[in-house]
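Counting from 1, the numbers follow the sequence of the chain as shown. Below, each value reflects all heavy atoms present in this structure, side chains not excepted, and no hydrogens, waters or symmetry copies.
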Amino acid sequence: MCGRYAAGRRPEDLVEAFGIEKWEPEETLAPDFNVAPTKEVHVVLDRPLKDASHPRPVRQLRVLKWGLVPSWAQNPDGAARMINARSETLHEKPSFRRPFAQRRCIIPADGYYEWVTAHDERQLEVEGKKKRARKQPYFVLPSDGSVFAMAGIYEFWRDRTLPDEHPLSWWVTCSVITTEAESGPLGVAPAEGPRSLADIHPRMPLMLPPDRWDAWLDPANTDTEGSLRELLAPPPGGLMRAYPVSTAVSSVRNNGPELLTELAAPEEGTLF
């Protein structure tokens, strides 16, 4: 799954990496090294500009809220539960099938965090001797340090309690698409601990290689039973690395580049 990630790149770097044509510098976000559900996040999407003379799609860097609210929802209360969408069922789930067909995006990240429960801790929890096992966080990122382009979908929701002219009358929200975690060896594995992403968690964000970006973002492609499904295939294996980081990242109150510091070994009491 993807419940927390890091987005430390400058907007200017994202503009260059994705070939952004339209963005508003005054609306961009500061680097965030502990992005949590319901926060505002940067996304890349192709969409015609409002009131433009030509209806062609324009690649934009936009700020959306993480946690999808379906267009038909009565209220936004369930947004925190819709931060992820499974690639295997996108085309059939009522909340996701229309965004999958019409509103796809890329959510840029440095990498994502995932927590592993140590074997001995897990056993104590199973035996009822410990109510909450201590978990070791890992940071997962592309081995070459490139941007982690997470596949996403977005949706519009109208707050009917507000007048049309109110700045918050429309919400634009998004969800990260997940897939089965790679079971093959990591491109760079930690000295001790998990040897594959599947050892850390059975799910992971779907990373889109650069050669899929244009096709994924193309709003003219609505073929959810054919070409779009093909884009949901996992990328080639061995492109990722993972390393242990401080348990400080477990608290959303903590935020800063120090959260990405690689530990020489898992913290005491959290050995894999």
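For the pair R4 (side chain) and Y113 (backbone), a donor-acceptor distance under 3.5 Å is absent. Side-chain N or O atoms of D223 include none that pairs as donor or acceptor with a backbone N or O of L228 at under 3.5 Å. Distance alone, capped at 3.5 Å, is enough to place a donor-acceptor pair between the D110 side chain and the G8 backbone. With hydrogens and angles ignored, the 3.5 Å screen pairs no side-chain donor or acceptor of R229 with any backbone N or O of E225. Judged by distance alone, the side chain of Q60 and the main-chain N or O of R47 form a donor-acceptor pair under 3.5 Å. Within the 3.5 Å criterion, the main-chain N or O of L162 finds a donor-acceptor partner in the side chain of R158. The closest donor-acceptor contact from the side chain of W216 to the backbone of C105 lies under 3.5 Å. In terms of modelled atom types and a separation under 3.5 Å, the side chain of S169 and the main chain of D164 share a donor-acceptor contact.
Among residues two or more places apart in sequence or in another chain, the side-chain hydrogen bond (donor to acceptor under 3.5 Å, both in side chains) test is passed with E88 by R203. Among residues two or more places apart in sequence or in another chain, the side-chain hydrogen bond (donor to acceptor under 3.5 Å, both in side chains) test is passed with R10 by D13. Residues satisfying the ring-ring contact (aromatic ring centres under 6.0 Å, His included) criterion with F33, sequence neighbours excluded, are absent altogether. Shown here are the ring-ring contact (aromatic ring centres under 6.0 Å, His included) partners of F18, two or more places apart in sequence or in another chain: W213. For E114, there are no side-chain hydrogen bond (donor to acceptor under 3.5 Å, both in side chains) partners at least two apart in sequence or on another chain. Under the rule for a side chain to side chain contact (heavy atoms under 4.5 Å, CB included), the partners of P76 that lie at least two apart in sequence or sit in another chain are V69, W157, W171. Evaluation of the side chain to side chain contact (heavy atoms under 4.5 Å, CB included) rule for A101 yields T224 as partners, not counting sequence neighbours. Residues that satisfy the ring-ring contact (aromatic ring centres under 6.0 Å, His included) test with Y5, not counting sequence neighbours, are W66. Under the rule for a side chain to side chain contact (heavy atoms under 4.5 Å, CB included), the partners of S251 that lie at least two apart in sequence or sit in another chain are R253, N254.
In terms of heavy-atom proximity, V249 sits nearest to P137 at CG1-CB, 3.7 Å. C2 and V176 make their closest contact through CB-CG1, 4.2 Å (heavy atoms, listed as atom of the first residue, atom of the second, distance).
Screening V15, V58, L61 for a side chain to side chain contact (heavy atoms under 4.5 Å, CB included) with K22, the sole residue that qualifies is V58.
Placement of W170 and V43 within a single hydrophobic cluster is found when ILVMFWY residues are connected by side-chain heavy-atom separations under 4.5 Å, directly or transitively. L206 and I106 fall within a single hydrophobic cluster, where Ile, Leu, Val, Met, Phe, Trp and Tyr are joined by side-chain heavy atoms under 4.5 Å apart, directly or via other members. The hydrophobic clustering, which links ILVMFWY residues whose side-chain heavy atoms are closer than 4.5 Å, places L90 and M204 apart.
In this model, no donor atom of one side chain and acceptor atom of the other lie less than 3.5 Å apart for S175 and N84.
The structure places SG of C174 at 7.5 Å from CG of L68, a figure rounded to the nearest 0.5 Å. Distance check, rounded to the nearest 0.5 Å: CZ of R212 to CE of M207 gives 9.0 Å. Note that the CD1 atom of I20 and the NE2 atom of H42 stand 10.0 Å from one another [nearest 0.5 Å].
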Evaluate the side chain to side chain contact (heavy atoms under 4.5 Å, CB included) criterion for residues L197 and L186: first the C-alpha distance (whole Å), next the side-chain angles of each, then the deciding distance (0.1 Å), finally the verdict. CA-CA 7 Å; L197 293 181; L186 288 161; 3.5 Å; yes
Decide side chain to side chain contact (heavy atoms under 4.5 Å, CB included) for L29 and E40; before the verdict, give the C-alpha distance in whole Å, the side-chain angles of both, and the deciding distance to 0.1 Å. CA-CA 8 Å; L29 305 170; E40 290 189 325; 4.0 Å; yes
I177 and M150: CA distance, side-chain angles, deciding distance, side chain to side chain contact (heavy atoms under 4.5 Å, CB included) verdict: CA-CA 7 Å; I177 297 173; M150 300 189 293; over 6 Å; no
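Shown here is E180, whose CD atom has no more than 12 heavy atoms of other residues, nucleotides or ligands within 6.0 Å.
The salt bridge (charged side-chain N to carboxylate O under 4.0 Å, His left out) analysis of residues 29-38, with sequence neighbours excluded, yields the pairs D32-K39. Legend: salt bridge (charged side-chain N to carboxylate O under 4.0 Å, His left out) pairs involving residues 54-68, not counting sequence neighbours, sorted by first then second residue: E21-R56, D46-R59, R59-D214.
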Which donor-acceptor pairs under 3.5 Å do the side chains of residues 235-246 make with protein atoms, sequence neighbours left out?
from	atom 1	to	atom 2	distance (Å)
R241	NH2	E262	OE1	3.0
R241	NH2	E262	OE2	3.4
Y243	OH	L260	O	2.6
S246	OG	A248	N	3.0

